[in-house]
Asker: 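So that we are looking at the same thing, I have put the structure below in structure tokens.
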Amino acid sequence: MLKEYKTIKEIVGPLMLVEGVESVKYDELVEIEQANGEIRRGKVLEANGDKALVQLFEGSAGLQISTSKARFLGKSIELSVSEDMLGRVFDGMGNPIDDGAPIIPEKKININGQPINPTARDYPNEFIQTGISAIDGLNTLVRGQKLPVFSASGLPHAELAAQIARQAKVLGTDSKFAVVFAAVGITFEEADYFISDFRATGAIDRAVLFMNLANDPAIERIATPRMALTAAEYLAFDKDMHVLVIITDITNYAEALREVSAARKEVPGRRGYPGYLYTDLATIYERAGRIRGKKGSITQIPILTMPEDDKTHPIPDLTGYITEGQIILSRELYKKGVTPPIDVLPSLSRLKDKGIGEGKTRKDHADTMNQLFSAYARGKEAKELSAILGEAALTEVDLKYARFAEEFENQYVSQGFTANRSIEETLELGWELLRILPRAELKRIRDEYIEEFFDKK
């Protein structure tokens, strides 16, 4: 029998203080029942002696302290999981919102998860094909990696997220591939875009969608990524699936964290975010990976919009420390009409060397990748020089590099949001562009590869 308390003393914003409680634990679920029978839910943020600080999920508007009673449920937030979740749409708290039947759970799992023992982790080393050349060819995604996308307001990160969710697959394996998609604090229009896109392309059959809208409570925003990762852990480690988790937008998550921190009157850290932002983000990102002896894996692509396009803002800054690289979207490329506008030079995948090469992609991949990076960097310099001094100041070779940079952006990086290129197509396109340059300029590619791939046309 659950004990009820009528000792609610104070409400400030979404926080409520209950006194005279016994054996209450941090993160425990609470039900607040009003006199008219309406029930609101919350969780324990802090327990100190006989006092419990409760955060309400639905907010405190209209709540009557004098007639309400609090029930502590003795458990944390749990997600009911089953393989039937695939193809379904849930809200940020794991309730179905697609008019389908309720999920009959195989089990219920605490959404805070268990940390993976570092010694049990397996090293990420298998290539994931996203069908996007700027990622597959130059900043390769590897199974078990966490590779964030740094975007900015107004850039098409939603379209990129939907494209990756549609197209991603592990090559050379018959294991099942699933996508868990968590939308955090997005507008109704964005949610509708994702659901419609997934349904229209059939991608929803292998996907689980969690939708938290901008008008939902802040506390739900904090729970949504953990709901998604709990579903991913179940599919990966219980059902042996390769799971790709896409979370958009981490910035909205961090804003919700700041809101809760301010309500608790905590001492703010940089830009008003709580001092534990780094630790909190790590509890999300570090749930990606592979475990020795298990076939499944979790690969994570968190998407965040950088406030004021600032890479040094706490959210992208701390994310960069925890994750293994970043894909950066460029406003300049977007204005030129390049889609997706991925800026390949500052983008980085720290594990790309582990997922490419013979038996994974192709033997010439690493060399061509290095040569493309080098040629594009020099081509951009040549274009800047030409803008200042005029084309007449450039050598013949510099002019070829400038042309290469132009073609590279228009053909290699820009492919639209529907083109799904195989890794062979991406590599061949790279060679095609390198043929713009004199053969003697290919200093980063081994001679045997130049003879086999460059000279064949």
Side-chain angles (χ1 to χ4, degrees), residues 1-81 91-95 105 107-115 212 216-227 229-230 253-269 272-277 279-284:
M1 183 70 183
L2 297 171
K3 203 166 181 182
E4 294 181 340
Y5 297 92
K6 293 187 178 180
T7 48
I8 302 171
K9 292 297 176 195
E10 191 183 351
I11 291 183
V12 181
L15 302 182
M16 179 178 85
L17 182 69
V18 187
E19 293 186 346
V21 299
E22 293 173 9
S23 309
V24 167
K25 299 190 294 293
Y26 167 72
D27 224 29
E28 190 172 334
L29 275 179
V30 187
E31 284 182 350
I32 297 93
E33 188 176 344
Q34 292 185 254
N36 63 1
E38 184 201 335
I39 289 178
R40 298 193 195 187
R41 303 182 84 197
K43 70 169 188 173
V44 176
L45 271 188
E46 208 172 307
N48 189 351
D50 68 340
K51 295 181 178 66
L53 186 67
V54 175
Q55 167 124 31
L56 298 167
F57 294 152
E58 295 98 342
S60 56
L63 197 63
Q64 295 287 329
I65 294 182
S66 52
T67 56
S68 297
K69 51 193 177 188
R71 261 194 307 274
F72 292 85
L73 305 183
K75 61 179 183 180
S76 297
I77 307 175
E78 293 177 332
L79 177 67
S80 300
V81 294
D91 66 10
M93 295 301 288
N95 305 307
K107 59 179 174 179
K108 294 187 176 186
I109 308 175
N110 184 333
I111 65 162
N112 294 304
Q114 292 293 319
N212 165 264
D216 289 330
I219 189 69
E220 188 175 303
R221 244 181 299 303
I222 293 170
T224 306
R226 293 180 168 82
M227 289 278 172
L229 286 160
T230 303
Y253 169 84
E255 297 289 349
L257 212 58
R258 179 163 69 174
E259 193 181 315
V260 172
S261 175
R264 290 174 72 175
K265 296 185 171 60
E266 292 173 336
V267 178
Y273 292 95
Y276 51 81
L277 180 63
T279 317
D280 196 280
L281 288 173
T283 62
I284 293 177

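Keep in mind the model is a prediction, meaning the values are calculated, not measured. FYI, the numbering just counts along the sequence from 1.
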Asker: Excluding sequence neighbours, so at least two apart, what forms side-chain hydrogen bond (donor to acceptor under 3.5 Å, both in side chains) with T224?
Answerer: none
Asker: Measuring from L229:CG to I284:CD1, what's the distance to the nearest 0.5 Å?
Answerer: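 Output value for this atom pair is 7.0 Å.
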Asker: Pair up each side-chain donor or acceptor in residues 68-77 with any protein partner under 3.5 Å, not counting sequence neighbours, and list the distances.
Answerer:
{"from": "S68", "atom 1": "OG", "to": "Q64", "atom 2": "O", "distance (Å)": "2.5"}
{"from": "R71", "atom 1": "NE", "to": "E31", "atom 2": "OE1", "distance (Å)": "3.4"}
{"from": "R71", "atom 1": "NH1", "to": "E4", "atom 2": "OE2", "distance (Å)": "2.6"}
{"from": "R71", "atom 1": "NH1", "to": "E33", "atom 2": "OE1", "distance (Å)": "2.9"}
{"from": "R71", "atom 1": "NH2", "to": "E31", "atom 2": "OE1", "distance (Å)": "3.0"}
{"from": "R71", "atom 1": "NH2", "to": "E33", "atom 2": "OE1", "distance (Å)": "3.3"}
{"from": "S76", "atom 1": "OG", "to": "D27", "atom 2": "O", "distance (Å)": "3.4"}

Asker: To the nearest 0.5 angstrom, please state how far the OG1 atom of T283 sits from the CG atom of D280.
Answerer: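 These two atoms lie 4.5 Å from each other.
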Asker: Show your working on side chain to side chain contact (heavy atoms under 4.5 Å, CB included) between Y253 and R221 and close with a plain yes or no.
Answerer: CA-CA 6 Å; Y253 169 84; R221 244 181 299 303; 5.6 Å; no
Asker: Side-chain contact, heavy-atom cut-off 4.5 Å: N212 with M227?
Answerer: no
Asker: Can you list everything that forms a side-chain hydrogen bond (donor to acceptor under 3.5 Å, both in side chains) with S80? Sequence neighbours excluded, please.
Answerer: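 side-chain hydrogen bond (donor to acceptor under 3.5 Å, both in side chains) list for S80, sorted by chain: empty.
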Asker: Using salt bridge (charged side-chain N to carboxylate O under 4.0 Å, His left out) as the criterion, list what pairs up with E220, not counting sequence neighbours.
Answerer: none
Asker: I'd like to know whether I109 forms a side chain to side chain contact (heavy atoms under 4.5 Å, CB included) with L79, so could you lay out the CA-CA distance, the side-chain angles of the two residues, the decisive distance to 0.1 Å, and finally the verdict.
Answerer: CA-CA 5 Å; I109 308 175; L79 177 67; 5.5 Å; no
Asker: Please round to the nearest 0.5 Å and tell me the distance separating atom CD of E78 and atom CG of N112.
Answerer: 10.5 Å
Asker: Between L63 and I8, does a side chain to side chain contact (heavy atoms under 4.5 Å, CB included) hold up when you go through it step by step?
Answerer: CA-CA 11 Å; L63 197 63; I8 302 171; 6.0 Å; no
Asker: Which pair of non-hydrogen atoms, one from E22 and one from Y5, has the smallest distance, and what is that distance?
Answerer: N-OH, 3.1 Å
Asker: For D91, which residues count as a side-chain hydrogen bond (donor to acceptor under 3.5 Å, both in side chains) partner, sequence neighbours excluded?
Answerer: N95
Asker: Once side-chain contact (heavy atoms from CB on, under 4.5 Å) is applied, do any residues pair with E266, and if so which ones, sequence neighbours excluded?
Answerer: S261, R264, P274, Y276
Asker: Which residues pass the side-chain contact (heavy atoms from CB on, under 4.5 Å) test with N48, sequence neighbours left out?
Answerer: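 Here no residue qualifies.
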Asker: What's the spacing between I111 CD1 and M93 CE if we round to 0.5 Å?
Answerer: 6.5 Å
Asker: At what distance, to the nearest 0.5 angstrom, does CD1 of I222 lie from CZ of F57?
Answerer: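 Going from the CD1 atom of I222 to the CZ atom of F57 covers 9.5 Å.
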Asker: Under a 4.5 Å cut-off applied to non-hydrogen side-chain atoms, are V18 and V24 in contact?
Answerer: no
Asker: Taking all atoms of both residues into account, what is the closest heavy-atom pair of A254 and L277, and its distance?
Answerer: CB-CD1, 4.1 Å
Asker: Who passes salt bridge (charged side-chain N to carboxylate O under 4.0 Å, His left out) against K9, sequence neighbours left out?
Answerer: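 Result, salt bridge (charged side-chain N to carboxylate O under 4.0 Å, His left out) vs K9: none returned.
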Asker: Partners of Q55 by side-chain contact (heavy atoms from CB on, under 4.5 Å), sequence neighbours excluded?
Answerer: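 Scan of Q55 (side-chain contact (heavy atoms from CB on, under 4.5 Å), adjacent residues dropped) gives P14, L15, L45, I219, V260.
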Asker: Quick one: does Q34's side chain get under 4.5 Å of T67's, heavy atoms only?
Answerer: no
Asker: Test of understanding: with salt bridge (charged side-chain N to carboxylate O under 4.0 Å, His left out), list the residues that count as partners of D50, not counting sequence neighbours.
Answerer: none
Asker: Please name all residues satisfying side-chain contact (heavy atoms from CB on, under 4.5 Å) with K51, sequence neighbours left out, ordered by chain then number.
Answerer: L17, E19
Asker: Mind checking what makes salt bridge (charged side-chain N to carboxylate O under 4.0 Å, His left out) contact with E38, not counting sequence neighbours?
Answerer: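 If we apply the salt bridge (charged side-chain N to carboxylate O under 4.0 Å, His left out) test to E38, skipping adjacent residues, the hits are R40.
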